[in-house]
Amino acid sequence: MQVNNVSMNLSAVSAKQYPDDGYPEIALLGRSNVGKSSLINTLINRKSFARTSSTPGKTQTLNFYNIENQLYLVDVPGYGFAKVSKKQREEFGTMIEEYLTTRKVLKGVIILTDGRHVPSDDDVSMYQYVSYYHIPTLIVSTKMDKVKKNQWNKSSSQIMKTMQVNQTDDIQMFSAETKYGKEQVWDWIESKMNE
């Protein structure tokens, strides 16, 4: 997709704050600091439009990025960080659950995992959760510039095995540094927008 116009339309914590213009939405899920903001910035060709946070768990709202008045990329709060109170984690959980299970225009989710490590229990749980609701999923393995090329197959099979990936779901290697995988991620998003 040619991206010229992007706006950060709104941040929401509940359904009554979601945008109501009916554009398809793709949600980005992943642990804190896995690279959600970097993926968004790469996709929209901007350096720091989506803010990366030095403090894990800083994003505490659903952030809706309007792309060309055709699509929203939705940055979901990161999971699996320790610095947030149990009560806050439960509130996040409720907010994310409400969004994922009730949002009619949600066309798919991208789960980001750190390519340098085996997917975490949180990654596995999130994947199982979205699979249960039959939400189309792309797993994006980030920070692949830090993984030797001859280890990529190993990385991919670790994801498949650990997360027990459905054959219908895709895995894409990605690097914000080299832009590797950017086109493939866009292809997947565009294929879901029209479904």
Side-chain angles (χ1 to χ4, degrees), residues 1 3 6 8 26-60 62-63 65 67 73-84 89 92 96 108-131 135-192:
M1 181 184 275
V3 180
V6 181
M8 197 335 223
I26 299 288
L28 285 83
L29 307 165
R31 285 172 66 86
S32 299
N33 288 5
V34 74
K36 290 192 299 295
S37 299
S38 301
L39 175 62
I40 291 170
N41 288 329
T42 302
L43 291 173
I44 63 175
N45 305 316
R46 304 287 197 283
K47 275 272 187 287
S48 54
F49 193 86
R51 295 263 176 249
T52 50
S53 164
S54 52
T55 318
K58 197 89 195 300
T59 305
Q60 301 186 359
L62 297 163
N63 293 330
Y65 293 91
I67 316 293
L73 292 178
V74 185
D75 187 2
V76 175
Y79 49 76
F81 37 82
K83 288 194 173 156
V84 176
R89 272 203 298 268
F92 283 176
I96 294 166
V109 299
I110 297 175
I111 295 179
L112 289 80
T113 64
D114 187 328
R116 300 168 300 177
H117 309 292
V118 176
S120 69
D121 291 347
D122 290 324
D123 294 327
V124 175
S125 301
M126 183 52 83
Y127 179 69
Q128 287 170 342
Y129 185 80
V130 296
S131 298
I135 303 170
T137 304
L138 173 67
I139 296 170
V140 170
S141 187
T142 61
K143 309 185 185 189
M144 291 308 291
D145 50 285
K146 297 179 172 70
V147 178
K148 289 195 178 87
K149 199 82 178 182
N150 63 5
Q151 297 291 305
W152 283 28
N153 281 345
K154 183 182 170 200
S155 201
S156 179
S157 48
Q158 270 182 340
I159 293 169
M160 301 231 15
K161 192 172 157 206
T162 310
M163 296 175 76
Q164 299 175 336
V165 174
N166 296 326
Q167 291 310 308
T168 54
D169 290 332
D170 300 309
I171 297 173
Q172 177 59 52
M173 302 300 171
F174 175 77
S175 162
E177 287 295 311
T178 65
K179 312 285 183 271
Y180 182 90
K182 174 186 170 183
E183 297 308 322
Q184 292 87 337
V185 173
W186 262 127
D187 289 346
W188 184 87
I189 290 172
E190 289 178 331
S191 73
K192 298 301 167 224

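Ion pairing between Arg31 and Asp114 fails under the 4.0 Å rule for side-chain N and carboxylate O.
Side chain of Ser141 to backbone of Ile139: no donor-acceptor contact under 3.5 angstrom is found. Judged by distance alone, the side chain of Thr113 and the main-chain N or O of Pro119 form no donor-acceptor pair under 3.5 Å. Here the side chain of Ser156 pairs no donor or acceptor atom with the backbone of Trp152 at under 3.5 angstrom.
Residues Asn45 and Lys182 form a side-chain contact, since some pair of their non-hydrogen atoms from C-beta on lies under 4.5 Å apart. Contact of the Val76 side chain with the Val109 side chain is not registered, since no non-hydrogen atoms from C-beta on lie closer than 4.5 Å. Here the side chains of Thr162 and Asp123 are not in contact, with every heavy-atom distance at 4.5 Å or above. Contact of the Val140 side chain with the Leu28 side chain is not registered, since no non-hydrogen atoms from C-beta on lie closer than 4.5 Å.
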Ile40 and Asn63: CA distance, side-chain angles, deciding distance, side chain to side chain contact (heavy atoms under 4.5 Å, CB included) verdict
CA-CA 11 Å; Ile40 291 170; Asn63 293 330; over 6 Å; no
Taking it one step at a time, do Leu39 and Thr142 satisfy side chain to side chain contact (heavy atoms under 4.5 Å, CB included)?
CA-CA 8 Å; Leu39 175 62; Thr142 61; 5.7 Å; no
Decide yes or no on side chain to side chain contact (heavy atoms under 4.5 Å, CB included) for Tyr65 and Asp75, but give the supporting numbers first.
CA-CA 8 Å; Tyr65 293 91; Asp75 187 2; 3.9 Å; yes
What verdict does the side chain to side chain contact (heavy atoms under 4.5 Å, CB included) test give for Phe174 and Leu112, after you've listed the backbone C-alpha separation in whole Å, the side-chain angles of each residue and the deciding distance to 0.1 Å?
CA-CA 10 Å; Phe174 175 77; Leu112 289 80; over 6 Å; no
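There is no side-chain donor-acceptor pair under 3.5 Å between Ser125 and Asp122.
In this structure, CZ on Arg46 lies 15.0 Å from OG on Ser37, to the nearest 0.5 angstrom. Between the CD atom of Glu177 and the CE atom of Met144 there is a distance of 14.0 Å, given to the nearest 0.5 Å. Note that CD of Gln158 is 12.0 Å distant from CE of Met163, once rounded to the nearest 0.5 Å. Separating the CG atom in Asp187 from the NZ atom in Lys192 is a distance of 11.5 Å, to the nearest 0.5 Å. Here the CG-CD1 distance, from Leu138 to Ile26, works out to 9.0 Å after rounding to the nearest 0.5 Å. Summarising the geometry, atom CH2 belonging to Trp188 is positioned 11.5 Å from atom CD belonging to Gln172; distances are rounded to the nearest 0.5 Å.
A 6.0 Å sphere centred on CD of Gln164 holds no more than 12 heavy atoms belonging to other residues, nucleotides or ligands. More than 12 heavy atoms of other residues, nucleotides or ligands sit less than 6.0 Å from atom NZ of Lys179. Annotation for Asp121: atom CG does not count as buried by contact number, only 12 or fewer foreign heavy atoms lying within 6.0 Å.
The two residues Ser155 and Gly115 come nearest to each other via the heavy atoms OG-O, 3.1 Å.
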